[in-house]
S.K.: 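Okay, handing you the structure first.
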Amino acid sequence: MELFTPDLGLVFWMFIAFILLFLILAKWGWPAIIKQMEGRADAIDKGVEYAREAKEQLDHARESAQKVIGEAQAQQAEILRQADQMKSQIIEAAKKEASEEARKVMEAAKISIEQSRKEAELQFRNEVSKFSIDIAEKMVRNQLKNDDAQKQLVNKMLDEIEKN
């Protein structure tokens, strides 16, 4: 049992060594360890704070990005609407120009047809009057070959003049 029961001198010197070690650690060791732990705790707190701020900034950046994307989509929609409106206006203007040009062509064609018709009618009248004169001349020559026929024609014309 001697192994399990220490001597009084050993206990005394162990107690003295423990007290010296305790005083040395209390004087220089514990403050350094506590200072290190407080520095580490401050660094961890700062890291947590930086992480929280970074998260907030990231959230704000995402919100800003979503806002910018929304504005860009709105602008895109507006540009597309304006482009569609411009397309409609250009098509409408082209239709108006085409119909106006077609109307002008139709009017020019009508005028040309009317002029051609008048020219043909005039030419027809001239030819008919020429034929009529030729026929009348031949008839008058045949009828005026004798004197009785000449007198009869003159009397007939005078009677017509008197009636009018």
Side-chain angles (χ1 to χ4, degrees), residues 1-139 164:
M1 277 278 200
E2 282 181 25
L3 292 174
F4 294 114
T5 57
D7 263 345
L8 187 60
L10 182 64
V11 171
F12 174 73
W13 287 113
M14 282 176 64
F15 183 71
I16 295 280
F18 177 74
I19 295 288
L20 282 175
L21 182 62
F22 183 78
L23 290 175
I24 289 172
L25 284 176
K27 178 78 173 163
W28 291 290
W30 294 115
I33 291 172
I34 291 175
K35 184 178 177 185
Q36 286 290 332
M37 287 176 60
E38 287 175 356
R40 179 76 174 155
D42 288 342
I44 290 172
D45 288 342
K46 286 180 183 178
V48 169
E49 182 66 25
Y50 289 147
R52 187 183 58 76
E53 288 175 3
K55 184 179 180 292
E56 287 177 4
Q57 288 176 354
L58 181 62
D59 290 341
H60 290 301
R62 283 183 182 157
E63 289 173 5
S64 298
Q66 289 297 327
K67 191 181 293 183
V68 169
I69 288 171
E71 290 173 0
Q73 288 174 342
Q75 287 177 349
Q76 178 187 17
E78 179 65 22
I79 289 170
L80 289 174
R81 186 186 60 75
Q82 288 176 353
D84 189 43
Q85 196 174 37
M86 286 177 60
K87 178 185 80 168
S88 298
Q89 289 174 347
I90 289 170
I91 289 172
E92 188 65 31
K95 283 181 182 178
K96 284 181 182 178
E97 287 179 23
S99 65
E100 182 66 23
E101 188 65 29
R103 186 187 60 77
K104 287 179 182 178
V105 168
M106 290 294 289
E107 286 179 9
K110 283 179 183 179
I111 291 171
S112 176
I113 290 170
E114 184 64 26
Q115 287 176 347
S116 296
R117 186 186 64 79
K118 285 181 181 180
E119 287 174 5
E121 188 178 297
L122 183 63
Q123 186 178 5
F124 180 73
R125 283 184 183 187
N126 287 339
E127 287 180 16
V128 167
S129 64
K130 181 180 175 187
F131 287 139
S132 297
I133 291 174
D134 287 343
I135 291 170
E137 181 182 340
K138 286 180 183 178
M139 284 178 60
N164 289 333

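It should be emphasised that the depicted structure is a prediction, and the values quoted were computed from it without experimental measurement.
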S.K.: Any Lys/Arg nitrogen of Lys55 or Asp59 sitting under 4.0 Å from an Asp/Glu carboxylate oxygen of the other?
M.R.: yes
S.K.: Determine, for Arg103 against Glu107, whether the closest basic-nitrogen to carboxylate-oxygen distance falls under 4.0 angstrom.
M.R.: yes
S.K.: A side-chain contact here means heavy atoms from C-beta on lying under 4.5 Å apart; do Asp134 and Lys130 qualify?
M.R.: yes
S.K.: Could you walk me through whether Gln57 and Glu53 pass the side chain to side chain donor-acceptor pair (under 3.5 Å) check?
M.R.: CA-CA 6 Å; Gln57 288 176 354; Glu53 288 175 3; 5.5 Å; no
S.K.: Output the distance between atom CG (Asp84) and atom CG (Leu80), rounded to the nearest 0.5 Å.
M.R.: 8.5 Å
S.K.: Hey, is CG on Leu8 packed in by over 12 heavy atoms from elsewhere, all under 6.0 Å?
M.R.: no
S.K.: Compare all side-chain heavy atoms of Leu122 with those of Lys118 and state whether any distance is below 4.5 angstrom.
M.R.: no
S.K.: Heavy atoms, side chains only, cut-off 4.5 Å: are Glu56 and Arg52 in contact?
M.R.: yes
S.K.: If you take all heavy atoms of Ala26 and Pro31, which pair is closest and at what distance?
M.R.: O-CD, 3.4 Å
S.K.: Could you point out which residue of Glu119, Arg125, Glu127 forms a side-chain contact (heavy atoms from CB on, under 4.5 Å) with Gln123?
M.R.: Glu127
S.K.: Check whether more than 12 heavy atoms from other residues, nucleotides or ligands sit under 6.0 Å from atom CZ of Arg62, and answer yes or no.
M.R.: no
S.K.: Is any side-chain N of the basic residue among Lys110 and Glu114 closer than 4.0 Å to the acidic one's carboxylate O?
M.R.: no
S.K.: Nearest 0.5 Å, please: how far is NZ in Lys87 from CD in Gln85?
M.R.: 12.0 Å
S.K.: Mind checking the CD-CG spacing from Glu121 to Asn126? Nearest 0.5 Å is all I need.
M.R.: 11.0 Å
S.K.: Using a distance-only test with no angle check, is there a side-chain donor-acceptor pair under 3.5 angstrom linking Glu78 and Gln82?
M.R.: yes
S.K.: Run through Gln66, Lys67, His60 and flag the one making a side-chain contact (heavy atoms from CB on, under 4.5 Å) with Glu63.
M.R.: His60
